[in-house]
Amino acid sequence: MTPPSLLESVLAALQEVIPGTPDLTARTELLDSGLLDSLGIVSVVAVLEERHGAQFPPELLVPESFADAAALTAALAAVLADSPAALPDPATGRTTTR
């Protein structure tokens with residue numbers, strides 16, 4: 001996945017998890033604005049892990065990773081870079097590991 005596709009995936013996951021989501025951008029504050037709370041973090045991580053076939057390590061489960069969609073995209077990119085052979089599935093566009 002290219003970085004813009006990762007951002008789109010993060011934004012879509014956030015829209016799934018946050019009820020009545022306003023228009024989100026890469027820089028919309030998630031934690032400071034109250035859009036994302038601890039349950040929201042768990043939910044969005046679960047959505048992203050399922051879509052991309054990778055697991056967030058504990059060191060990335062920190063508030064800085066969830067400040068905004070850009071930070072979460074950077075965290076997801078780091079997760080995928082550390083995943084063994086993370087490859088996009090051509091049929092679904094989701095990242096899978098092999």
Side-chain angles (χ1 to χ4, degrees):
M1 265 188 176
T2 62
S5 295
L6 283 181
L7 176 60
E8 290 168 9
S9 179
V10 166
L11 290 171
L14 289 167
Q15 290 174 337
E16 253 182 66
V17 169
I18 302 170
T21 305
D23 291 332
L24 296 174
T25 69
R27 293 295 175 196
T28 301
E29 291 184 4
L30 300 173
L31 295 178
D32 289 344
S33 68
L35 284 172
L36 202 61
D37 60 13
S38 59
L39 288 176
I41 289 171
V42 170
S43 297
V44 78
V45 165
V47 169
L48 291 171
E49 287 180 342
E50 191 229 315
R51 284 188 184 161
H52 296 280
Q55 188 171 12
F56 277 73
E59 60 269 15
L60 286 179
L61 297 176
V62 295
E64 295 80 13
S65 295
F66 301 91
D68 56 31
L72 186 50
T73 300
L76 178 59
V79 167
L80 295 177
D82 286 343
S83 291
L87 302 170
D89 180 330
T92 64
R94 294 181 177 183
T95 303
T96 58
T97 55
R98 297 181 192 204

What residue pairs, at least two apart or across chains, pass salt bridge (charged side-chain N to carboxylate O under 4.0 Å, His left out) with a residue in residues 18-28? Arg27-Asp68
May I have all residue pairs that pass salt bridge (charged side-chain N to carboxylate O under 4.0 Å, His left out) and include part of residues 36-47, sequence neighbours excluded? none
From the options Val17, Leu30, Leu39, select the one residue that forms a side chain to side chain contact (heavy atoms under 4.5 Å, CB included) with Val44.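 Only match with Val44 under side chain to side chain contact (heavy atoms under 4.5 Å, CB included): Val17.
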Heavy atoms only: give me the nearest [X]-[Y] pair and the separation to one decimal.
| X | Y | value |
| --- | --- | --- |
| Leu60 | Ala75 | CD1-O, 3.6 Å |
| Leu31 | Pro63 | CD1-O, 3.3 Å |
| Leu6 | His52 | CD2-CE1, 4.0 Å |

With side-chain contact (heavy atoms from CB on, under 4.5 Å) as the criterion, how do Leu14 and Phe66 come out once you've worked through the C-alpha distance, each side chain's angles and the decisive distance to 0.1 Å? CA-CA 11 Å; Leu14 289 167; Phe66 301 91; over 6 Å; no
Does any non-hydrogen side-chain atom of Leu24 lie less than 4.5 Å from one of Gln15? yes
Would you say Leu61 and Leu80 are hydrophobically clustered, going by side-chain heavy atoms of ILVMFWY under 4.5 Å?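 Yes, because Leu61 and Leu80 connect within a single hydrophobic cluster, where side-chain heavy atoms sit under 4.5 Å apart.
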To the nearest 0.5 Å, what is the distance between CD (Glu29) and CG (Leu36)?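 Rounded to the nearest 0.5 Å, the CD-CG separation comes out at 12.5 Å.
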